[in-house]
Amino acid sequence: MIRAIFLCLILLVITGGCQSGEDRKNVETAQKPQQENDTIRDEFTSSFIDPDNKPKKGFYLFKSRTDGFTMNFPEDATLNQVFYEIDGNHFENMLFGADDKDENTTFSMILTYENQPVTAEIEANLSLISDSVNNSVEYFKEELPDKTIYYAEKTSKSKNGETTFYEIFGYAKSADSDKAVSFTNAVSCLKTEMTCQIDVTKEKMKTIDLMESIAFVN
């Protein structure tokens with residue numbers, strides 16, 4: 001329940017809720033990770049990554065402070081310290097994102113890591129995620145040797161009708177432990193007064209690639 005409330009609050013900030021256009025811009029300025037175009041310059045973000053370890057072009061290796069998992073992390077993204085939360089080695093919440101000024105798009109991704117028996121209740125966890133994004137859909141399932149990934153997607157408009165949003169959300173569950181990561185990636189126009197073309201297929205594959213890069217540490 002706490003996790004569901006946390007996700008709803010963050011998604012309200014990301015999607016702007018019922019705020020006016022100007023209020024939404026003020027919230028985004030206060031809450032969105034600061035863009036430095038160089039993760040190493042961000043002290044908080046850099047504390048999670050190994051600058052000398054790039055698993056693939058454009059990505060650093062991210063290491064959870066729970067020591068429970070690693071994953072690829074976009075080199076232009078920054079973590080939001082305000083929304084970061086950790087509880088021992090079994091729970092971690094985070095929000096990170098980046099802007100693409102050339103394409104006039106921005107993304108914000110929420111990750112929640114858990115290491116406890118409740119993660120085995122797949123349907124219950126997927127239901128929590130669906131509730132947090134106000135969407136009830138059938139999830140696609142991708143089985144890998146070390147984990148199973150469940151995901152769904154939707155496209156919507158903000159309440160003021162100014163911004164189009166693409167969201168992909170789901171769950172990555174370890175095959176041999178109680179470790180799991182739930183995720184929600186929200187993509188929209190960076191400047192609401194300007195149009196943008198969100199490449200849904202591209203954003204979908206980028207998110208799935210990140211989830212496939214998760215390695216649960218035993």
Side-chain angles (χ1 to χ4, degrees), residues 1 3-8 10-12 14-15 55-56 58-59 62 64 68-74 77 91-98 100 103 105-158 163-189 196-218:
M1 180 61 72
R3 184 182 70 184
I5 294 173
F6 183 90
L7 286 172
C8 287
I10 293 182
L11 284 169
L12 184 62
I14 294 173
T15 58
K56 59 187 293 189
F59 293 87
F62 173 93
S64 164
F69 75 99
T70 63
M71 64 176 285
N72 293 348
F73 189 87
F91 181 85
E92 189 175 33
N93 262 319
M94 67 192 72
L95 167 67
F96 63 90
D100 186 333
E103 297 293 332
T105 59
T106 181
F107 84 87
S108 295
M109 180 174 285
I110 306 164
L111 291 186
T112 301
Y113 166 79
E114 290 185 279
N115 181 16
Q116 41 198 349
V118 70
T119 61
E121 300 177 15
I122 303 299
E123 292 304 318
N125 281 288
L126 293 181
S127 179
L128 279 176
I129 296 169
S130 294
D131 289 345
S132 72
V133 297
N134 297 315
N135 198 53
S136 180
V137 294
E138 182 177 355
Y139 284 80
F140 295 96
K141 181 179 179 181
E142 179 183 356
E143 293 188 75
L144 301 172
D146 61 332
K147 58 185 169 287
T148 300
I149 299 172
Y150 305 84
Y151 67 90
E153 55 190 327
K154 74 170 186 176
T155 302
S156 60
K157 289 247 183 206
S158 60
T163 306
T164 298
F165 297 98
Y166 168 70
E167 293 175 84
I168 177 170
F169 42 90
Y171 197 62
K173 173 67 176 64
S174 170
D176 54 10
S177 74
D178 290 330
K179 298 172 181 177
V181 169
S182 62
F183 61 92
T184 301
N185 187 20
V187 186
S188 67
C189 296
C196 73
Q197 295 295 324
I198 298 175
D199 188 332
V200 172
T201 300
K202 176 182 175 182
E203 297 301 334
K204 173 182 176 180
M205 295 311 302
K206 283 167 60 176
T207 304
I208 293 175
D209 283 347
L210 284 182
M211 294 307 102
E212 290 178 343
S213 76
I214 290 176
F216 292 107
V217 181
N218 296 321

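Position 1 is the first residue of the sequence; numbering continues from there.
Distance OG1/Thr112 to CG/Asn93: 3.5 Å, rounded to 0.5 Å. From Tyr166, atom OH reaches atom CD of Glu153 across 3.5 Å, with rounding to the nearest 0.5 Å. Of the inter-residue distances, the one linking Ile198 atom CD1 with Asp100 atom CG reads 11.5 Å to the nearest 0.5 angstrom. Rounding to the nearest 0.5 angstrom, the gap separating the CD atom in Glu167 from the CG atom in Asn134 is 9.0 Å. Taking OH from Tyr171 and CG from Asn125, the interatomic distance works out to 3.5 Å, rounded to the nearest 0.5 Å.
Judged as a side-chain contact (heavy atoms from CB on, under 4.5 Å), and not counting sequence neighbours, the contacts of Ser127 are Asp131. Every residue two or more places apart in sequence or in another chain that forms a side-chain contact (heavy atoms from CB on, under 4.5 Å) with Asp146 is listed here: Leu144. Under the ring-ring contact (aromatic ring centres under 6.0 Å, His included) criterion, Tyr113 pairs with Phe69, sequence neighbours left out. Under the ring-ring contact (aromatic ring centres under 6.0 Å, His included) criterion, Tyr151 pairs with Phe140, sequence neighbours left out. Under the rule for a side-chain contact (heavy atoms from CB on, under 4.5 Å), the partners of Glu143 that lie at least two apart in sequence or sit in another chain are Lys141, Thr148.
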Item to complete: Check step by step if side chain to side chain contact (heavy atoms under 4.5 Å, CB included) holds for Met71 and Leu111.
Response: CA-CA 11 Å; Met71 64 176 285; Leu111 291 186; 3.4 Å; yes
In residues 207-218, what donor-acceptor pairs under 3.5 Å come from side-chain atoms, sequence neighbours left out?
| residue | atom | partner | partner atom | Å |
| --- | --- | --- | --- | --- |
| Thr207 | OG1 | Asn185 | ND2 | 2.8 |
| Thr207 | OG1 | Glu203 | O | 3.0 |
| Ser213 | OG | Asn72 | N | 3.0 |
| Ser213 | OG | Leu210 | O | 2.6 |

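Within the 3.5 Å criterion, the main-chain N or O of Val137 finds no donor-acceptor partner in the side chain of Lys154.
Among all heavy-atom pairs drawn from Ile129 and Gly170, the shortest one is CD1-O, 3.1 Å. Nearest heavy atoms, Phe59 versus Pro55: O-CD, 3.6 Å. Pairing each heavy atom of Ala77 with each of Phe107, the nearest pair is CB-CZ, 4.3 Å. The two residues Thr106 and Cys189 have their closest heavy-atom pair at CG2-O, 4.0 Å.
Residues Phe96 and Phe73 bring their aromatic ring centres within 6.0 Å.
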